[in-house]
Number of protein chains: 2
Amino acid sequence: MATGRNHRPATRSRGIPEATVARLPLYLRALTALSERSVPTVSSEELASAAGVNSAKLRKDFSYLGSYGTRGVGYDVEYLVYQISRELGLTQDWPVVIVGIGNLGAALANYGGFASRGFRVAALIDADHAMTGAQVAGLPVQHVDDLETIIRTNGVSIGVITTPGSAAQQVCDRLVGAGITSILNFAPTVLSVPDGVDVRKVDLSIELQILAFHEQRKATDELARNGGPGPSGAPPDDQGPEGDIPAVMPA
Amino acid sequence: MATGRNHRPATRSRGIPEATVARLPLYLRALTALSERSVPTVSSEELASAAGVNSAKLRKDFSYLGSYGTRGVGYDVEYLVYQISRELGLTQDWPVVIVGIGNLGAALANYGGFASRGFRVAALIDADHAMTGAQVAGLPVQHVDDLETIIRTNGVSIGVITTPGSAAQQVCDRLVGAGITSILNFAPTVLSVPDGVDVRKVDLSIELQILAFHEQRKATDELARNGGPGPSGAPPDDQGPEGDIPAVMPA
DNA sequence: ATGCCTTTGTGAACGCGTGCACAAAGACGG
DNA sequence: CCGTCTTTGTGCACGCGTTCACAAAGGCAT
């Protein structure tokens, strides 16, 4: 029991909740920092604080991986780094292609975070003939005509799309056709992919709009607080912003 | 202090669920495309398909905004564009500062998606004196020494951090000190901010690691299906973590 | 060896988000 | 003006994720 190695949750591969998977890289980063400082063990409280999460959540997350902690002591940093790395598949090499070598694509190619954990930029691809052969981040830009060959030759299964939105779906289709099964999409487009292909999107515009929403809310809250009690009989400042009726009702 | 205790009830924002807010920009984008094609009305089914979500979800989302549809007909595109824009606060101008003008910062400065919806890059800031005065995306790079002045002068409330991870928290503290209340963080660091400040993070490394996890799982599933005895109870019903999982989590 | 003290691992409750299914509402043809 | 047909808006149930709270587990001092 102590070795809970093959203690696979009844529902086989589905054992680890998606939300937990999304936090594992966060834990790994914090653990790596501890490892570099030669810290031998860490408690769930300390590690949770470093990762910016709740300690109970962290313990539950780790419980999905197995019992890797020691009660009364905490977790062995090195061991945990290894276990999480293995769970995330970072002990193997993941060649990645970047399609669309504009400003953003070039920035990603130069981004150190890529290479840091088993990810290797295998190729840079662009549709512009004028760019073909140019060196970006020490790699030659190759033409999109050779996309399928490049992917198959290098055994690439992860693709990053940094093209304009108008080209994204077309590129995506070709990537999937060539065997890519995981896509990180920076283009402002909803990609359609067949079952079995994972897509994650990073959308700067959407992030800003979400921030703007909260920013606006903060501004109106502030205004309501300072701008006068108002004869409408609304309580000036009740702790709960609840009961707030939409400011403008359509006629 | 400033131990990021972002305790967000998620339902606090004027009754609009956080998950809905995160989808509004998606709807807005689809609606804008329809508007440009002069499509007068759209059904929840059509719009949902264009935005890549479930139609029931879309209708429920809109129900939080009010009853802007017409039964038997659908939604008026122009009206909905306006309502969502207003709700998201996009009818006003949002000056933004970008701190850290490396490859990524420069890429963002050039990114068209910024200016597209009320967002305006008000200033570029970097700690490197050698960069001060250089033109990036038509704007002069200013030194971080003037950060507070720049922010106050331009009335900026949204900051984008594209510095190395080691500088992120320091920059963050100064931004907050200068009055910034919304931060989009690209640095691979957990930022601590006081209450009242929103932080959203975009972490390329984490996204890749999540993809790698699923990629590894797909590989082992495949292996088990081909290599192992079939009747071990592994039906191919596994549709995978399909769908558009937002790549950015609220901090 | 024993008892105390720390920390893990987890059962259970709760709350949010999602999707179903259907009644209400309105357009439209006759 | 009425019936039919389309589509919205939503009550309800379900499942996932989060959090609390605590018993079990193990180190450590005596």
Side-chain angles (χ1 to χ4, degrees), chain A residues 1-4 7 9-11 14-24 26-27 39-49 51-77 79-80 83 240 242 246 250, chain B residues 5-24 26-27 39-49 51-77 79-80 83 210 239 241-246 249-251:
Chain A
M1 173 58 175
T3 57
H7 177 56
T11 44
R14 193 49 117 171
I16 303 181
E18 189 60 31
T20 295
V21 173
R23 281 188 294 268
L24 289 183
L26 219 50
Y27 302 145
V39 177
T41 61
V42 65
S43 71
S44 63
E45 199 68 51
E46 289 171 309
L47 185 54
S49 171
V53 302
N54 183 295
S55 70
K57 193 186 297 185
L58 178 142
R59 287 198 300 275
K60 178 141 290 193
D61 283 342
F62 285 175
S63 78
Y64 292 117
L65 306 182
S67 291
Y68 294 152
T70 304
R71 297 174 190 233
V73 176
Y75 299 92
D76 183 278
V77 172
Y79 187 54
L80 207 44
Q83 288 299 341
E242 209 50 46
Chain B
R5 291 261 64 94
N6 296 33
H7 208 69
R8 180 154 44 192
T11 177
R12 184 179 63 187
S13 309
R14 171 97 75 62
I16 301 181
E18 191 59 31
T20 295
V21 173
R23 281 188 293 268
L24 290 181
L26 220 49
Y27 302 145
V39 177
T41 61
V42 65
S43 71
S44 64
E45 198 68 52
E46 289 171 309
L47 185 55
S49 171
V53 302
N54 184 297
S55 70
K57 193 185 299 184
L58 179 143
R59 288 198 298 276
K60 180 146 292 193
D61 284 342
F62 285 175
S63 77
Y64 293 117
L65 306 182
S67 291
Y68 294 152
T70 304
R71 296 177 190 228
V73 175
Y75 299 91
D76 182 279
V77 172
Y79 187 53
L80 206 45
Q83 289 298 341
I210 295 172
Q239 60 191 19
E242 177 54 33
D244 290 321
I245 307 166
M249 311 268 290

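Here the structure is a predicted model, which means the values were calculated and not measured. These values consider heavy atoms only, across backbone and side chains, with no hydrogens, waters or symmetry-generated copies.
Atom CG in B:Leu65 sits about 15 Å away from atom C1' in D:dT10, given to the nearest Å. A:Asp76 places its CG atom 16 Å from the P atom of D:dG26, with the value rounded to the nearest Å. A straight line from CZ of B:Phe62 to P of C:dG17 spans 17 Å, rounded to a whole angstrom. To the nearest angstrom, P of D:dT19 lies 12 Å from CG of A:Leu58. For B:Tyr64 and D:dT10, the OH to C1' distance is 10 Å, given to the nearest whole Å. Distance, B:Arg23 CZ to C:dC16 P: 15 Å, rounded to whole Å. At whole-Å resolution of the value, OH in B:Tyr79 and P in D:dT8 are 16 Å apart. If you take CG of A:Asp61 and C1' of D:dT19, they are 12 Å apart, rounded to a whole angstrom.
Side-chain atoms of B:Ser63 lie closest to D:dG9 of the nucleotides D:dG17, C:dT10, D:dG9. In this structure, the nucleotide among C:dT7, C:dG9, C:dT18 sitting nearest to the side chain of A:Tyr75 is C:dG9. Residue B:Lys57 has its side chain nearest to C:dT18 when only C:dT18, C:dT7, D:dG17 are considered.
Dashed line: the shortest gap from a side-chain N or O of B:Ser44 to OP1 or OP2 of D:dT8 is under 4.0 Å.
Counting only heavy atoms from C-beta outward, the side chains of A:Leu24 and A:Leu65 approach each other to under 4.5 Å. Proximity of A:Lys60 to A:Thr20: side-chain heavy atoms (C-beta onward) are nowhere separated by under 4.5 Å. At least one side-chain heavy atom of A:Tyr68 sits less than 4.5 Å from a side-chain heavy atom of A:Tyr79. Between A:Leu80 and A:Phe62 the shortest side-chain heavy-atom distance falls below 4.5 Å.
Interatomic distance, CZ of A:Arg59 versus OG of A:Ser43, reported as 9.0 Å (0.5 Å rounding). One finds the OH atom of A:Tyr27 at 4.5 Å from the CG atom of A:Leu58 (value rounded to the nearest 0.5 Å). Within the model, atoms OG1 of A:Thr41 and CD of A:Glu46 stand 7.5 Å from one another, a figure rounded to the nearest 0.5 Å.
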Can you pull every protein N or O that's under 3.5 Å from an N or O on nucleotides 20-24 of chain C?
{"residue": "C:dA21", "atom": "N6", "partner": "B:Arg59", "partner atom": "NH2", "Å": "3.4"}
{"residue": "C:dA24", "atom": "N3", "partner": "B:Arg71", "partner atom": "NH1", "Å": "2.7"}

